[in-house]
Amino acid sequence: MYDLIIIGLGPAGINAGIYAKRSKLNVLLIEKETPGGKLNSINKIDNYLGAIDLTGPELATTFYKQIRALKPEIKLEEVIDIKEKDDFKEVITNKATYCSKTVIISSGSGQKKLQGFESIQNISYCALCDANLYENKDVVLIGNNFKAIEEAKYLSKIVNKLYFIYEGKKIDLKLDNVEIIYDEVVKDIKIENNLIKEVILKNSNLIVSGIFVSLGSGPSSSFAENLGITDEKGFITVNENQETTIPGIYACGDIVKKAVYQIINAASEGAIGAINAGKYIRNKSR
Ligand SMILES: Cc1cc2nc3c(=O)[nH]c(=O)nc-3n(C[C@H](O)[C@H](O)[C@H](O)COP(=O)(O)OP(=O)(O)OC[C@H]3O[C@@H](n4cnc5c(N)ncnc54)[C@H](O)[C@@H]3O)c2cc1C
């Protein structure tokens, strides 16, 4: 049984981890991708105290070094569910189940996944990063915004044929190798030997080698939906102690419903969450 499990190692989770380790809590940190969170994709850091001429990955590395020096237990796994038990919480990942007295949710925000197909690893959420893997092949792009239209233009220069499933009003995009499909839904995806083969839609099937998704970004809180602490957009409401409505569960950083989304307040909220998780454990054991 852990004292505290921290979900997500962006600025909020890393700082929560530093405070938890320094106050001698038995803590487990869980991160599904790269420690440092969104910092890893920021070119230049602005508005963060002490960070002069730093890139995001440089600041992420400094943060990570600071927590690693405290020798925390870290698992590179994806949290898929949290269950409230009588006197503890169960945190379920894609690999195992862990029990803890308290939990801090600091999973930030990210690309919205294709609903129903979240676990398919070879769906791409970045045309710029992955288009070259599909040179002269047929692919599908599922999108609903301006960025998706830009990604369709980019993909059309590289792939053979692009099926662009657009979730929204008709758009003015005319490119020889792009077929825009409206009012469609992905029903199934056929995969053979780990390769995408076919996308089954409501009204037709598409034989493709790749799938791109560009549905905007939002809070990464699908694993917490069952707890009833997320709002209609997926944000979590907390009080000034970073407490959610469930005793022992805290939320910090970009996952929280608030007015300012910056590194400085994400880190500060992580500290507040960890301090209050410690107080909660001490009060319970009295
Ligand atoms: C382009 C851009 C530029 C920015 N520039 C600045 C700037 O100059 N200055 C500034 O102050 N702020 C800036 N920000 C905002 C800043 O990046 C965020 O406010 C900050 O990163 C929030 O930290 P966080 O820890 O809450 O979340 P994140 O940084 O989003 O980290 C969340 C972590 O949780 C992990 N995670 C998510 N789901 C799970 C799961 N199910 N299981 C396990 N782990 C999970 C993610 O992989 C990620 O590592 C910028 C943001 C963007 C997008």
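We're numbering straight along the sequence, starting at 1. First listed ligand is number 1; within each ligand, the first listed atom is number 1. Everything numeric in this text was worked out from a predicted model, so none of it was measured.
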### Message
Any carboxylate oxygen within less than 4.0 angstrom of a Lys/Arg side-chain nitrogen, looking at Glu179 and Lys161?
### Response
yes
### Message
Quick test: of every protein heavy atom, which one is nearest to atom 15 (C) of ligand 1, and how far off is it to 0.1 Å?
### Response
Tyr261 O, 3.8 Å
### Query
Is Lys113 positioned over the aromatic face of Phe117, cation under 6.0 angstrom from the ring centre and no more than 45 degrees off axis?
no
### Query
Counting heavy atoms only, which of Gly253, Pro11, Gly10, Ser220 comes nearest to atom 23 (O) of ligand 1?
Pro11
### Message
What protein heavy atom lies closest to atom 53 (C) of ligand 1? Include the residue and the distance to one decimal.
### Response
Lys38 CD, 3.9 Å
### Message
Applying a heavy-atom cut-off of 4.0 Å, say which part of Ser41 lies close to ligand 1: side chain, backbone, both or neither.
### Response
neither
### Message
Is the shortest side-chain heavy-atom distance between Glu269 and Ser106 below 4.5 Å?
### Response
no
### Task
Establish, for the pair Lys170 and Tyr182, whether the NZ or CZ atom is under 6.0 angstrom from the six-membered ring centre and no further than 45 degrees off its axis.
yes
### Summary
Of all protein heavy atoms, the one nearest atom 2 (C) of ligand 1 is Ile42 CG1, 3.9 Å
### Task
Check Lys89, Glu73, Lys101 against Tyr2 for a side chain to side chain donor-acceptor pair (under 3.5 Å) and give me the one that passes.
Glu73
### Query
Got Tyr134 and Ile158 here, is their nearest side-chain heavy-atom distance under 4.5 Å?
no
### Query
Nearest non-hydrogen atom to atom 7 (C) of ligand 1 belongs to which of Asp46, Ile264, Thr34?
Asp46
### Summary
protein heavy-atom neighbour closest to atom 16 (C) of ligand 1 works out as Ile263 CG1, 3.9 Å
### Task
Can you measure from CG (Asn145) to OG (Ser217) and round to the nearest 0.5 angstrom?
9.0 Å
### Task
Please write down residue, atom name and distance for the protein heavy atom closest to atom 43 (C) of ligand 1.
Lys32 N, 3.4 Å
### Message
Using a 3.5 Å distance criterion without hydrogens, assess whether the side chain of Asp3 forms a donor-acceptor pair with backbone atoms of Asn26.
### Response
yes
### Residue and atom name of the nearest protein heavy atom (relative to atom 35 (C) of ligand 1), distance in Å to one decimal
Glu31 OE1, 3.3 Å
### Query
For ligand 1, is there an atom lying under 4.0 Å from some heavy atom of Glu77?
yes
### Heavy-atom nearest neighbour in the protein, as seen from atom 26 (O) of ligand 1, with distance rounded to 0.1 Å
Asp254 N, 2.7 Å
#### Entry: Nearest neighbour in protein (non-hydrogen) for atom 42 (N) of ligand 1
Val79 N, 3.0 Å
